[in-house]
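Just below is one structure, and these are the notes that go with it.
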Amino acid sequence: MNAEKLVELLNVDFFTGVPDSQLKQLCDCLYAKYGVCNERHIIAANEGNSVAIAAGYHLATGKIPAVYLQNSGEGNIINPVASLLNDKVYAIPCIFIIGWRGEPGVHDEPQHVYQGEVTLKLLEDMGITAFVVDKNTTEEELKSWVNSSKPLLANGKQVAFVIKKGALSYENEARYRNDFSMNREEIIRHIASVAKDNPVISTTGKISRELFEIREAEKQGHQYDFLTVGSMGHCSSIALGVAINKSNTKIWCIDGDGAALMHLGAMAVIGSSRLQNLVHIVINNGAHETVGGMPTVATQTNLVGIAKACGYDYAVSVEDYKSLDKELSRAKKAEKLVFIEVKAALGARADLGRPTTTALQNKTNFMSYLKLLK
């Protein structure tokens with residue numbers, strides 16, 4: 001199914017959501033047709049945010065919105081679907097387009113396996129009628145499903161089109177760029193060289209993959225690192241939980257801009273902790289790069305100002321390696337809560353691998369290492 005045809009058949013005027021690699025063709029199509037952050041298309045901070053934006057669109061226009069997301073974001077939509085959209089509350093119709101990662105019988109990364117198993121069950125529990133789209137779905141079948149969904153939507157219900165791997169196509173790949181020069185993997189290499197044997201908590205996606213490969217290349221152990229392979233937006237909170245219980249050890253958090261924006265309130269909680277042993281680093285390339293490179297609003301957001309307002313003792317932004325090394329060295333010695341924004345170019349090695357240890361092995365090794373620390 002061509003993504004442009006899907007958009008046409010759904011016959012909606014407004015899309016909002018969080019980019020997903022399974023829906024990259026749709027995201028590229030929307031970016032090409034509408035751009036971002038306007039009256040036709042908004043890339044949201046998180047999936048629940050998307051639902052609320054969609055609700056506002058419906059209230060203002062009376063029309064039906066579409067929300068796209070990876071199935072891992074279903075957890076983020078449960079509350080606004082149940083307490084805002086549901087027909088027992090405000091009866092706000094909505095079309096969901098959901099990328100099905102971890103589909104049973106299809107190999108995927110460990111963080112997607114269970115989510116894949118419960119994807120359709122969660123939709124059923126939320127009262128959302130689901131239609132599964134695969135590479136064999138015909139235009140006529142999709143038209144039929146769209147027509148059968150109209151009475152449901154007219155009665156304030158929600159429907160979902162669950163997209164299997166390889167179901168969508170689109171000829172033109174969107175290309176997003178920024179003006180920053182530093183390479184993310186090299187940035188992480190600099191961080192690891194300063195952190196040395198201090199514990200590191202890294203965010204989901206390519207940041208954790210690159211950290212793992214750096215440790216391999218340097219012949220270092222992986223016990224220092226907790227690789228947050230799922231739970232996007234939560235690695236800084238994990239780092240807080242570690243740091244507050246290992247107050248005599250410097251703890252490093254390597255975050256991404258999309259992840260930081262997804263649950264930005266975590267920074268307020270971290271700031272209120274007044275910890276003196278946590279270094280929170282956000283590598284900001286202004287994009288959801290791991291899932292296709294669609295832009296975030298992070299390059300238009302004053303992350304340093306937010307960190308300061310949240311109570312971080314020291315916050316700074318850097319754009320070159322000399323400044324980065326200076327601030328990393330300062331953070332290593334500082335007895336204060338530190339925030340460092342590092343502006344980075346997009347891009348990763350074509351041969352970038354994935355961790356060869358399991359998530360459970362990573363957890364066990366990391367916990368064993370933490371036990372050795374005061």
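FYI, side chains are in, hydrogens and waters are out, and symmetry mates aren't considered; it's all heavy atoms of this structure.
We find the SG-NE2 distance between Cys29 and His41 to be 10.0 Å, quoted to the nearest 0.5 Å. Rounding to the nearest 0.5 Å places OG of Ser236 at 5.0 Å from CG of Asp255. Distance check, rounded to the nearest 0.5 Å: CD of Glu173 to SG of Cys27 gives 12.0 Å. Taken from CE in Met1 to CG in Leu6, the straight-line distance is 7.0 Å, to the nearest 0.5 Å. Atom CG of residue Leu9 and atom CD of residue Glu140 lie 9.0 Å apart, to the nearest 0.5 angstrom.
With hydrogens and angles left out, the side-chain atoms of Tyr224 and Arg215 include no donor and acceptor closer than 3.5 Å. Asn71 and Thr119 are linked by a side-chain donor-acceptor pair at a separation below 3.5 angstrom, with hydrogens and angles left out of the test. Checking Asn365 against Gln223 by side-chain atom types alone, no donor-acceptor pair falls below 3.5 Å. Glu341 and Asn284 share a side-chain donor-acceptor pair at under 3.5 Å. If you check the side chains of Ser21 and Arg101, you find a donor sitting under 3.5 Å from an acceptor. Side-chain contact check for Asp257 and Thr296: at least one donor-acceptor pair (N or O, by modelled atom type) lies under 3.5 Å. Side-chain contact of Tyr68 with Glu47: a donor-acceptor pair under 3.5 Å is absent, judged by distance alone. Between the side chains of Gln115 and Glu74, at least one donor-acceptor pair of N or O atoms lies under 3.5 Å.
When the options Lys250, Lys246, Lys332 are evaluated for a side-chain hydrogen bond (donor to acceptor under 3.5 Å, both in side chains) with Asn198, the one that passes is Lys332.
A salt bridge links Lys143 with Glu139; the closest basic N to acidic carboxylate O contact falls under 4.0 Å. Salt bridge status for Asp351 with Arg349: present, with a side-chain N to carboxylate O gap under 4.0 Å. Look at Arg189 and Glu218 and you find a salt bridge, because one of the NZ, NE, NH1 or NH2 atoms lies within 4.0 Å of a carboxylate O, short of that distance. Salt bridge Arg184/Glu289: present, at least one basic N to carboxylate O contact under 4.0 Å. Using a cutoff of 4.0 Å between basic side-chain nitrogens and carboxylate oxygens, Arg354 and Glu109 are scored as salt-bridged.
Clustering ILVMFWY residues whenever any of their side-chain heavy atoms sit less than 4.5 angstrom apart, transitively, puts Ile254 in a cluster other than the one holding Val242. There is no path of hydrophobic side-chain contacts, each under 4.5 Å, that joins Val133 to Ile98.
Nearest approach of Ser208 to Thr203, heavy atoms of both residues: OG-O, 2.6 Å. Heavy atoms only, all atoms of each residue included: Ile128 and Phe96 are closest at CD1-CE1, 3.9 Å. Taking each heavy atom of Tyr314 and Glu327 in turn, the nearest pair found is OH-OE1, 2.9 Å. Scanning all heavy atoms of the two residues, the minimum distance from Ala260 to Val282 falls at CB-CG2, 4.2 Å. Pairing each heavy atom of Tyr176 with each of Thr299, the nearest pair is OH-OG1, 4.2 Å.
For Glu117, the CD atom is densely surrounded, since the number of other residues' heavy atoms within 6.0 Å is greater than 12. Residue Asp179 qualifies as open at atom CG: its count of foreign heavy atoms under 6.0 Å is 12 or below.
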For this session: In sequence, state the C-alpha distance, the side-chain angles, and the governing distance for Asp28 and Lys24, and then conclude on salt bridge (charged side-chain N to carboxylate O under 4.0 Å, His left out).
Result: CA-CA 6 Å; Asp28 286 349; Lys24 183 177 183 341; 2.8 Å; yes
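The six-membered or imidazole ring of Phe339 lies near that of His280, with a centre-to-centre distance under 6.0 Å. For Tyr369 and His222, the ring centers sit 6.0 Å or farther from each other. A distance below 6.0 Å separates the ring centres of Tyr321 and His190.
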